[in-house]
A.B. asks: 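Before I ask anything, here is the structure I am working with.
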Amino acid sequence: MNRVLFLLIFCLASACFVNAQDNTAKFTISGYVKDSATGESLIGTSVYLKETKKGTTVNVYGFYSLTVEQGDYTLVISFLGYKDYEQSIKLDKDLRINVSLQEVTQQINEVTVTGD
């Protein structure tokens, strides 16, 4: 009888601990990243949240997806040769953010190579 009672109390206590686990709501930020001039997907673009340093990269279809806890964040999307995109977001539901990055061009002076 004591064993049955002990087992019953143990099971009830275990159920309470399972429910006490972190119930922080998580939401997903997702979307597509493209070149603003051509509309081509920018494969390998970095997508991250400044505050948490959590991030991902854009896949071969131009798609990204990042799941984090509810909160206020700064979404940063960057790719070499393009202007960084930053947006403050309040993550309290799933968000779809599609971005078109603008190419950054720099004009440099002509280089002349001479030999002796």
A.B. asks: Could you pull out all residues at least two apart from Ser30 that satisfy side-chain hydrogen bond (donor to acceptor under 3.5 Å, both in side chains)?
C.D. replies: Arg96
A.B. asks: Any chance you could pull the hydrophobic cluster mates of Ile108, using side-chain heavy atoms under 4.5 angstrom and chaining through other members?
C.D. replies: none
A.B. asks: Out of curiosity, Glu103 CD to Ser36 OG, how far, rounded to the nearest 0.5 Å?
C.D. replies: 8.0 Å
A.B. asks: Please go through Val33's hydrophobic cluster and name the other residues, only I, L, V, M, F, W, Y counting, with side-chain heavy atoms under 4.5 Å joining them.
C.D. replies: Phe27, Ile29, Leu42, Val47, Leu49, Val58, Tyr64, Leu66, Val68, Tyr73, Leu75, Ile77, Phe79, Tyr82, Tyr85, Ile89, Leu91, Leu95, Ile97, Val99, Leu101
A.B. asks: Going by side chain to side chain donor-acceptor pair (under 3.5 Å), name the pairs with one or both residues in residues 44-53, residues two or more places apart or in two chains.
C.D. replies: Lys50-Glu86, Glu51-Thr74
A.B. asks: Could you check whether atom CD of Gln102 has more than 12 heavy atoms from other residues, nucleotides or ligands sitting under 6.0 Å from it?
C.D. replies: no
A.B. asks: At their closest point, which heavy atom of Lys34 faces which heavy atom of Gly39, and how far apart are they?
C.D. replies: CD-O, 3.4 Å
A.B. asks: For residues 96-116, which residue pairs pass the ring-ring contact (aromatic ring centres under 6.0 Å, His included) check, not counting sequence neighbours?
C.D. replies: none
A.B. asks: Does either side chain, that of Thr67 or that of Thr28, offer a donor lying less than 3.5 Å from an acceptor on the other one?
C.D. replies: yes
A.B. asks: Each residue besides Phe63 in its hydrophobic cluster should be listed here, by chain and number; the cluster joins Ile, Leu, Val, Met, Phe, Trp and Tyr at side-chain heavy-atom distances under 4.5 Å.
C.D. replies: Tyr32
A.B. asks: Is a side-chain N or O of Thr38 found less than 3.5 angstrom from the main chain of Glu40, in a donor-acceptor match?
C.D. replies: yes
